[in-house]
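Residue numbers start from 1 in every chain, and the chains themselves are labelled A, B, ... in the order their sequence lines are given, proteins ahead of strands.
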Amino acid sequence: MNVLMGFYFIGVIEMWKHKGIEFRREIQDVNGADMLAYLGRNQKEVLHRVNLENKSVMKAIRIQKEVVLIKLAILDKELILSFPQLIHPTMQIAKAATDFVDEWFDLSRDLQPFYDLAHRDEILKEVVLAYKGLRIIAVEELFEALSWSIMGQQISLQVAYGLKQKLVTTFGESVVHDDIEYWLFPSAEKVASLNVEELRNLSFTQRKAEYLIGVAELIATDQLNKEQLLVMSLGEMETRLTAIRGIGKWSANYVIMRCLRHPDAFPLADVGLHNALKKVLNQSEKPSLAEIEEWAKNWSGWRAYATFYLWRTLQE
DNA sequence: ATCCAGGCTCCTG
DNA sequence: CAGGAGCATGGA
C-alpha cells in the first residue's frame with residue numbers, strides 16, 4: 001500500500017517526497033527556529049499551536065469542505081508534514097496541504113537579492129545576518145488577513161490577540177485532537193450574518209465591529225476576492241483595499257504583505273516598525289515617518305521583507 | 001494615575 | 001485640507 005502510494009504521490013507534489021505516513025521536503029535557507037519563534041510569539045494565538053520541543057506547529061486547515069489537522073516539523077534541512085487524524089490522506093488532501101505549507105512559508109522565493117541589498121544597507125545589515133532564512137509567514141485567507149489588520153489597529157498586540165481569540169472561539173469552527181482544540185478562523189459568511197452588538201459583546205469597538213462586518217459582506221458576496229487582487233500591481237492593490245471602509249494605508253499594506261505576498265508592501269505607519277528601528281539604531285526616540293521613507297528607498301522591492309525582519313528584533 | 005498600544009474615520013476650523 | 005477627538009482595553 002505504501003509503496004503504491006509513494007509512486008502515486010511522487011511527481012504530483014514535486015518538492016515533497018512521501019515516506020510512510022509523512023511528507024518531506026528538503027529545504028535550504030529556511031530559518032526554522034525564528035519561524036517557530038514568530039509563530040509562537042503570543043500565548044493567545046488560537047489558529048495554530050507551536051511545540052518548541054519537537055520543533056513543530058499544528059494547524060487546522062480547510063481542504064475543500066473538510067477540516068484537516070496538519071502537523072509540520074521544521075528541522076534544519078527539511079520539513080516533515082503529517083496528518084495526525086488521517087490514516088490514509090488522499091492525494092487531493094496531500095497536494096492541498098503541501099501547497100498550503102509552500103505558500104505559508106513563502107518557500108518558492110529566492111531571498112538572495114534581499115540579502116545582497118541588506119548587506120549594503122547599514123540598518124538592515126546586521127538584522128538580516130542575525131535572522132537569515134526567516135521568511136514572511138503568510139495569513140493565507142483574505143478575510144482573516146483583513147480582519148486581523150482591523151483588530152490590530154491602534155491597540156496593543158496583546159489586546160488584538162484577545163479580540164481574535166474571542167472572535168475565533170465564539171464564531172469559528174474547531175477540531176479536537178488529544179484533548180486540544182484547533183480553531184479555524186470564522187468564515188466571511190458567518191461574520192457577515194452578525195450584528196454590531198454581537199461583536200461589541202466581545203469588546204470590539206463600535207467602529208471595529210462595523211468595519212469587520214462590512215469586510216465580511218464584501219467577501220461573502222464576492223465583491224472582493226484574493227484572485228482579483230493578485231493580478232494587480234502594488235499600487236492598484238493599495239487603492240482597491242483602501243477604498244474599503246476601515247482599511248487605511250497601514251491595513252492595506254499589512255494585508256498585501258501577509259496575504260497577497262507582495263515583497264515590497266510597506267506598512268509605514270506601523271508602530272512595531274518604528275520601535276524596531278529605534279531599537280536597531282539605538283536611538284532614544286522613534287524616527288519620523290519622513291526619515292523612515294528616506295531609509296526605505298534603499299529597500300525598494302523588498303520593503304515587506306525589511307519590515308518583517310525588523311519586527312523580529314522586537315521579540316528578543 | 002497617565003500614557004501608549006502593529007490606525008482609521010469623521011468632524012472641525 | 002490639515003489637525004484633532006474618539007475609540008476601548010490592558011499593561012507598563
In whole angstroms, the gap separating C1' of dA5(B) from CH2 of Trp250(A) amounts to 11 Å

Closest contact, heavy atoms only, Leu142(A) versus Asn225(A): CD2-C, 3.7 Å

So that I can tick it off, tell me whether Arg62(A) and Glu173(A) are bridged by a salt bridge, with the cut-off set at under 4.0 angstrom between side-chain N and carboxylate O. yes

Stretch residues 259-286 of chain A: residues that reach within less than 4.0 Å of DNA chain C through a heavy atom: none

Scan the side chains in residues 180-191 of chain A for donor-acceptor partners under 3.5 Å anywhere in the protein, sequence neighbours excluded, and list what turns up.
unit_1    : atom_1 : unit_2    : atom_2 : d
Glu181(A) : OE2    : Ser174(A) : OG     : 2.8
Ser187(A) : OG     : Lys190(A) : N      : 3.0

Taking only residues two or more places apart in sequence or in another chain, which ones pass side chain to side chain contact (heavy atoms under 4.5 Å, CB included) with Asn54(A)? Asn51(A), Ser56(A), Lys71(A)

Restricting to non-hydrogen atoms, name the atom on Ile63(A) and the atom on Ala96(A) that form the minimum distance, rounded to 0.1 Å. CG2-CB, 3.7 Å

For Phe308(A), give me all partners under ring-ring contact (aromatic ring centres under 6.0 Å, His included), at least two apart in sequence or on another chain. Tyr38(A)

Atom pair distance, as rounded to whole Å: CG in Leu146(A) and C1' in dG7(B): 15 Å

If I take atom CD1 in residue Ile155(A) and atom P in nucleotide dA5(B), what distance separates them, rounded to the nearest angstrom? 13 Å

Please write out which residues are connected to Ile80(A) in a hydrophobic cluster, directly or through intermediates, given that two of Ile, Leu, Val, Met, Phe, Trp, Tyr count as joined at side-chain heavy-atom separations below 4.5 angstrom. Leu75(A)

Return the 5'-most residue of the pair Gly246(A), Tyr161(A) with respect to DNA chain B, ranking by each residue's nearest nucleotide. Tyr161(A)

Indicate yes or no: does Lys164(A) engage Glu45(A) in a salt bridge with an N to O separation below 4.0 Å. yes

Is a side-chain donor-acceptor pair under 3.5 Å present for Gln223(A) with Thr221(A)? yes

What stem regions, each of at least 3 consecutive Watson-Crick or G-U pairs below 3.5 Å, can be found for DNA chain C? B:2-4 with C:10-12, B:7-13 with C:1-7

Can you name the residues that form a side chain to side chain contact (heavy atoms under 4.5 Å, CB included) with Gln28(A), not counting sequence neighbours? none

What are the atom names and distances for every N/O pair under 3.5 Å that joins the protein to nucleotides 1-5 of chain C?
none

Strictly below 4.0 Å, heavy-atom distances to any atom of DNA chain C: list the hits from residues 287-314 of chain A, or just say none. none

Closest approach of Ala276(A) and Thr313(A), non-hydrogen atoms and distance? CB-OG1, 3.7 Å

Check ring-ring contact (aromatic ring centres under 6.0 Å, His included) between Phe100(A) and all other residues, then give those that pass, not counting sequence neighbours. Trp104(A)

Tell me which nucleotide among dC7(C), dC10(B), dG10(C) gets nearest to the side chain of Arg245(A). dC10(B)

Let's see if you get this right: which residues in residues 193-215 of chain A place a heavy atom under 4.0 Å from DNA chain C? Arg200(A), Ser203(A), Thr205(A), Gln206(A), Arg207(A)

Non-neighbouring partners of Val271(A) that pass side chain to side chain contact (heavy atoms under 4.5 Å, CB included), sequence neighbours left out: Asn275(A), Lys286(A)

One thing to verify: whether Glu103(A) and Lys226(A) come together as a salt bridge, which I'm taking to mean a side-chain N less than 4.0 angstrom from a carboxylate O. yes

Over all strands shown, is Ser251(A) touching base, sugar-phosphate only, or nothing at heavy-atom distances under 4.0 angstrom? sugar-phosphate

Roughly how far apart, to the nearest Å, are dC11(B) and dA8(C) at atom P? 15 Å

May I have the step-by-step check of side chain to side chain contact (heavy atoms under 4.5 Å, CB included) for Phe204(A) and Met151(A), ending in yes or no? CA-CA 8 Å; Phe204(A) 277 66; Met151(A) 289 187 277; 3.8 Å; yes

When rounded to whole Å, the CD to C1' distance for the pair Gln158(A) and dC3(B) reads 17 Å

Taking the nucleotide of DNA chain B with the nearest heavy atom to each, does Ile247(A) or Met257(A) sit closer to the 5' end? Met257(A)

Do NZ/NE/NH1/NH2 and the carboxylate oxygens of Arg120(A) and Asp116(A) come within less than 4.0 Å? no

To the nearest angstrom, how far is Ile244(A) atom CD1 from dT9(B) atom P? 10 Å

Take the protein atom CD of Glu238(A) and the nucleotide atom C1' of dG7(B), then report the distance between them rounded to whole Å. 14 Å

